[in-house]
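To keep things clear, I will list the structure first and then write my remarks on it.
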There are 2 protein chains.
Amino acid sequence: MDALDKKIIAELQLDGRLTVTELAARVNLSVSPCHRRLRELEESGAIRGYRAIVDLNSMGLSFESLVFATLRWEDRDTVPEFEEAVASVPQVVQAERLFGEPDYLLRVVTADLEAFQKVYDEQLATLPGVQRLTSTIVMKRLVEDRPLKS
Amino acid sequence: MDALDKKIIAELQLDGRLTVTELAARVNLSVSPCHRRLRELEESGAIRGYRAIVDLNSMGLSFESLVFATLRWEDRDTVPEFEEAVASVPQVVQAERLFGEPDYLLRVVTADLEAFQKVYDEQLATLPGVQRLTSTIVMKRLVEDRPLKS
DNA sequence: AATGAAATGATAGCATT
DNA sequence: AATGCTATCATTTCATT
């Protein structure tokens with residue numbers, strides 16, 4: 001992965017729908033080698049895919065919250081089970097395991113508070129191995145999905 | 001925004017580089033109206049853009065951490081200043097203001113621990129109005145940027 | 001608001017340097 | 001590994017239903 005590849009990636013982080021022709025122009029390359037490099041980046045997994053970035057409010061999803069989960073230490077054999085279950089809750093749009101406490105951070109998106117309560121009570125509080133959940137609401141997004149500095 | 005628009009959005013969340021021809025086929029529409037709807041979704045801001053999803057490790061960025069920031073209450077007039085400053089740190093890829101404590105959650109991506117320390121000490125700890133930072137490391141991602149349920 | 005058709009422009013493969 | 005060429009396919013506009 002040389003500087004040109006990084007430039008290609010940077011452009012596609014800004015606009016994932018750039019045509020190869022336009023991309024080639026921006027990185028000062030002709031179309032064919034640009035196309036070849038792009039395919040290699042995709043096939044090597046460096047570029048994992050492309051996503052439309054959607055406005056949550058336009059979709060009627062205006063309630064975003066973070067849920068911190070701590071598991072029971074005695075039940076730590078349920079970790080894989082917990083992780084699988086979390087990943088299958090559609091309203092959980094981001095989830096990760098952390099060092100220290102809490103064990104997990106989940107990002108939950110719903111239409112409103114009522115829908116959140118339902119997800120919290122029925123989908124999250126009942127997950128296997130959960131000792132404690134705490135949650136907070138996202139007041140304002142400052143930085144969202146910023147293209148990477150490297 | 002009707003069901004067809006939501007279907008279009010759902011498809012583009014799965015593959016943001018779908019051609020309009022292919023998109024039209026997937027939502028059972030002919031090319032022209034599909035194209036028109038897509039333009040309207042883009043122009044209304046419902047679709048905010050398109051991004052390549054990049055593999056952090058391939059980019060040499062293998063250290064991901066969360067930094068929680070609490071501001072001094074006396075300095076709450078520095079809030080806008082703090083927010084602007086946070087948004088201008090390139091390694092901060094996601095940031096939001098929360099209800100309760102802590103006040104902010106920042107997601108920081110760097111090449112390694114050493115690079116993180118540098119960002120933490122030089123860019124984050126020195127931000128205006130900061131009372132306390134605490135941080136944790138992301139051990140494992142379970143769910144990343146999931147397409148929205150709705 | 002969807003369809004079909006036609007001109008412009010992009011993609012992807014290949015031969016060349 | 002980059003370039004230029006070319007056939008194929010997609011995009012985008014417009015007239016029509």
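Within every chain, numbering begins at 1; the chains are lettered A, B, ... in the order of the sequence lines, protein sequences first and strands thereafter.
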Next on the checklist: To the nearest 0.5 Å, what is the distance between CG on B:L127 and CD on B:E83?
Outcome noted: 11.5 Å
Checklist entry - With respect to the phosphate group of D:dA1, does any side-chain polar atom (N or O) of A:R36 fall under 4.0 Å of OP1 or OP2? => result no
Next on the checklist: In this structure, how many angstroms lie between the P atom of C:dG4 and the CG atom of B:L29, rounded?
Outcome noted: 11 Å
Next on the checklist: Within a 6.0 Å radius of atom CZ on A:R76, are there more than 12 heavy atoms belonging to other residues, nucleotides or ligands?
Outcome noted: yes
Checklist entry - Just how far, in rounded Å, is C1' of C:dA10 from CG of A:L18? => result 13 Å
Next on the checklist: Starting the side chain at C-beta, find the nucleotide from C:dT11, C:dA1, D:dT11 nearest to A:T21.
Outcome noted: C:dT11
Checklist entry - How long is the line joining CG of B:D5 and P of C:dA1, in whole Å? => result 10 Å
Checklist entry - Considering all heavy atoms of both residues, which atom of A:G129 and which atom of A:T78 are nearest to each other, and what is their separation? => result CA-OG1, 3.7 Å
Checklist entry - Between atom CD in A:E22 and atom P in D:dT11, what is the gap in whole Å? => result 16 Å
Next on the checklist: Can you tell me which nucleotide in C:dA1, C:dT3, C:dT11 comes closest to the side chain of B:R37?
Outcome noted: C:dA1
Do any N or O atoms of the protein come closer than 3.5 Å to N or O atoms of nucleotides 13-17 of chain C, and which pairs are they?
residue: C:dG13; atom: O6; partner: A:S32; partner atom: OG; Å: 2.7

Next on the checklist: Rounded to whole Å, how long is the line connecting atom CG of B:L38 with atom C1' of C:dA1?
Outcome noted: 16 Å
Checklist entry - How about A:E144: does its CD atom have over 12 heavy atoms from other parts shown lying under 6.0 Å from it? => result yes
Checklist entry - Take atom CZ in A:R132; do more than 12 heavy atoms of anything else shown fall under 6.0 Å from it? => result no
Item to check | Closest to the B:P33 side chain, choosing from D:dA2, C:dT11, C:dT3 | outcome: C:dT3
Checklist entry - Counting side-chain heavy atoms from C-beta on, which of C:dT11, D:dT3, D:dT11 comes nearest to A:S30? => result D:dT3
Next on the checklist: Between B:M139 and A:E96, does the side-chain contact (heavy atoms from CB on, under 4.5 Å) criterion hold? Intermediate values first, please.
Outcome noted: CA-CA 7 Å; B:M139 192 188 293; A:E96 51 227 336; over 6 Å; no
